[in-house]
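To start, the structure under review is shown below, and the notes come after it.
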Amino acid sequence: MNRVIVGVESTAHTLSFGLVDHKGGTRPSYSAFFRPHEGGIHPREAADHHTKAAPDLIRQMMVAESLSSSDVMAVAFSQGPGLGPCLRVGATVARALAHDWDVPLIGVNHCVAHIEIGRQETGCIDPVLLYVSGGNTQIIARAGDRYRVIGETLDIGIGNMLDKFARSQGISFPGGPKIEVLARDWIDLNPDCTVDDIPLPYSVHGMDLAYSGLLNAAQQKITEGHGLEEVCWSLQEHAFSATVEVSERALAHTGKTELLLGGGVACNTRLRQMSLMMAEQRGASAVWPEKQYCVDNGTMIAELGRRMLDVGFSTPLEASAVNSTLRTDHTLVNWN
Ligand code: ATP
Ligand code: FE2
């Protein structure tokens with residue numbers, strides 16, 4: 001085993017450990033998911049889940065990767081943003097491991113980690129990132145020494161909107177992948193269907209987005225008697241077109257020519273297809289990492305930790321408190 005950086009991810013539902021070697025060679029993560037029995041995520045219950053799952057996951061990774069503590073160069077963890085109780089579990093585990101292994105501790109920005117794993121895996125250089133997950137929907141681009149948020153949701157994350165709609169229809173968490181299947185089944189059987197057949201609001205506000213009006217309107221369509229599959233299809237079409245429209249404007253404003261998708265919703269084939277069509281029409285590219293690196297994962301935290309370690313960064317214990325509202329542009333980006 002090469003010298004490696006270990007990453008700990010625990011911002012929300014997912015507890016995950018991952019590693020990269022010192023050149024950025026990635027390895028699949030070791031993850032456990034908290035699934036609420038009913039309703040949304042309860043932060044304390046998710047945190048308890050992570051506490052119980054951590055020891056076994058670490059052991060699994062160490063054994064499967066033939067890893068010994070002397071192979072480890074640093075331990076990185078998600079310092080924010082996310083749910084406080086969940087973040088604190090990951091931070092505590094990371095502090096303990098870094099102390100025990102006598103290596104630097106590196107607190108990293110979860111949103112920035114989505115960008116860096118995407119750059120590492122796809123080879124894109126200076127992308128606009130469309131970061132679409134449950135908790136976050138942001139359009140991000142680098143300007144100088146920061147990743148700037150140039151557009152974002154004004155209310156809920158797009159994944160959260162999909163999950164909420166699914167839950168209201170009795171579909172269990174996570175709803176996004178099941179909505180994707182229902183939507184695909186519908187359009188396969190009804191290829192002539194257009195968005196005008198099931199109109200929903202289209203909420204683009206300058207460079208920002210909003211999804212809660214769309215959620216309410218989709219629920220209303222069901223009440224009016226429309227079928228679940230057709231509403232799922234229209235919901236995706238409206239939500240994704242609005243999101244891709246803002247991404248296109250971001251490419252136009254920044255002059256960048258690469259669109260990178262990240263976050264759990266970036267697993268969606270229709271969103272990928274729309275992004276690709278938009279990019280190709282303007283002579284740009286649209287890329288995304290494998291699904292395992294779109295969803296939250298420890299490997300992306302390790303990869304950002306590696307880049308920060310390379311430029312001499314580490315987090316002293318007294319500065320290692322979590323920050324649940326950490327902003328993307330808070331983090332100084334002084335690596336290539
Ligand atoms: P973050 O902390 O970054 O907000 P998260 O906790 O939402 O992340 P992720 O693993 O990034 O976790 O994303 C999960 C979200 O992705 C859920 O809302 C889920 O419904 C959505 N999702 C996953 N796969 C798909 C898919 N194929 N189509 C649409 N949505 C999807
Ligand atoms: Fe995430």
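Scope of the values below: all heavy atoms of this structure, side chains included, with no hydrogens, waters or symmetry mates.
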Which pairs with one or both residues in residues 209-220 pass side-chain hydrogen bond (donor to acceptor under 3.5 Å, both in side chains), sequence neighbours excluded?
-> D155-S212, S168-Q219, Y211-T243
For atom CE of M207, is the number of surrounding heavy atoms from other residues, nucleotides or ligands below 6.0 Å larger than 12?
->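 It does: M207 CE has more than 12 such atoms within range.
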Please check if atom NE2 in H22 has more than 12 non-hydrogen atoms from other residues, nucleotides or ligands closer than 6.0 Å.
-> yes
Which residues share a salt bridge (Lys or Arg N to Asp or Glu O under 4.0 Å) with D310, sequence neighbours left out |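 Listed in chain order: R306.
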Can you name the salt bridge (Lys or Arg N to Asp or Glu O under 4.0 Å) partners of D48, sequence neighbours left out?
-> R44
N/O donor to acceptor pairs below 3.5 angstrom from side-chain atoms of residues 121-134, sequence neighbours left out:
from	atom 1	to	atom 2	distance (Å)
E121	OE2	T26	OG1	2.8
T122	OG1	G118	O	2.7
T122	OG1	C124	N	3.2
D126	OD1	K256	NZ	3.1
D126	OD2	K256	NZ	2.9
Y131	OH	H110	NE2	3.4
Y131	OH	N136	ND2	3.0
S133	OG	N136	N	3.1
S133	OG	N136	O	3.3

Set of ring-ring contact (aromatic ring centres under 6.0 Å, His included) partners for H49, sequence neighbours left out =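 ring-ring contact (aromatic ring centres under 6.0 Å, His included) check on H49 returns F34.
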Does one side chain, of [X] or [Y], offer a donor that lies under 3.5 Å from an acceptor on the other?
X	Y	answer
S70	S68	yes
Q236	N268	yes
D296	T14	no
S16	S31	yes

Just grab all the ring pair (Phe, Tyr, Trp, His ring centres under 6.0 Å) pairs involving [range], residues at least two apart or on different chains.
range	result
residues 160-185	H13-F173
residues 279-329	none
residues 234-285	none

For residues [X] and [Y]: do they belong to one hydrophobic cluster (side chain heavy atoms under 4.5 Å, members Ile, Leu, Val, Met, Phe, Trp, Tyr)?
X	Y	result
I115	I5	yes
F17	F33	no
L259	L271	yes
I140	L326	no
M161	L200	yes

For V322, which fellow cluster members are found when Ile, Leu, Val, Met, Phe, Trp and Tyr are connected by side-chain heavy-atom distances below 4.5 angstrom, either directly or through intermediates?
-> L87
For [X] and [Y], which heavy atoms make the closest approach, and how far apart are they?
X	Y	answer
Q292	P28	OE1-CB, 3.4 Å
A218	V231	O-CG1, 3.6 Å
P199	K221	O-CE, 3.0 Å
E9	T11	OE2-OG1, 2.5 Å
A53	A32	CB-CB, 4.0 Å
R272	P289	NH2-O, 3.8 Å

Measure the [atom1]-[atom2] distance between [X] and [Y] for me, rounded to the nearest 0.5 Å.
X	Y	atom1	atom2	answer
S241	M278	OG	CE	11.5 Å
L261	L276	CG	CG	9.5 Å
Q79	H330	CD	NE2	8.5 Å
S314	L309	OG	CG	8.0 Å
C111	M300	SG	CE	8.5 Å
D56	Y30	CG	OH	13.5 Å

Do side-chain atoms of [X] reach the backbone of [Y] as a donor and acceptor pair under 3.5 angstrom?
X	Y	answer
R148	R142	no
D208	E152	yes
S10	V89	no
S234	E230	no
Q120	G24	yes

Any chance you could lay out the side-chain contact (heavy atoms from CB on, under 4.5 Å) test for I301 and V6, step after step, and finish with the verdict?
-> CA-CA 8 Å; I301 305 302; V6 167; over 6 Å; no
Sequence neighbours excluded and cut-off under 3.5 Å, please list the side-chain donor-acceptor pairs for residues 178-192, or say none.
from	atom 1	to	atom 2	distance (Å)
K178	NZ	S172	O	3.0
K178	NZ	S172	OG	3.2
K178	NZ	P174	O	3.4
E180	OE2	R184	NH2	3.2
E180	OE2	T269	N	2.8
E180	OE2	T269	OG1	3.1
N190	ND2	W186	O	2.9

Partners of S320 by side chain to side chain donor-acceptor pair (under 3.5 Å), sequence neighbours excluded?
->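 Here the qualifying residues are R95.
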Those residues that, when tested against E116, pass side chain to side chain donor-acceptor pair (under 3.5 Å) (two or more places apart) = R119, Y147, R307, W335
Candidate pair I106 and V75, rule side-chain contact (heavy atoms from CB on, under 4.5 Å), full reasoning = CA-CA 6 Å; I106 305 179; V75 177; over 6 Å; no
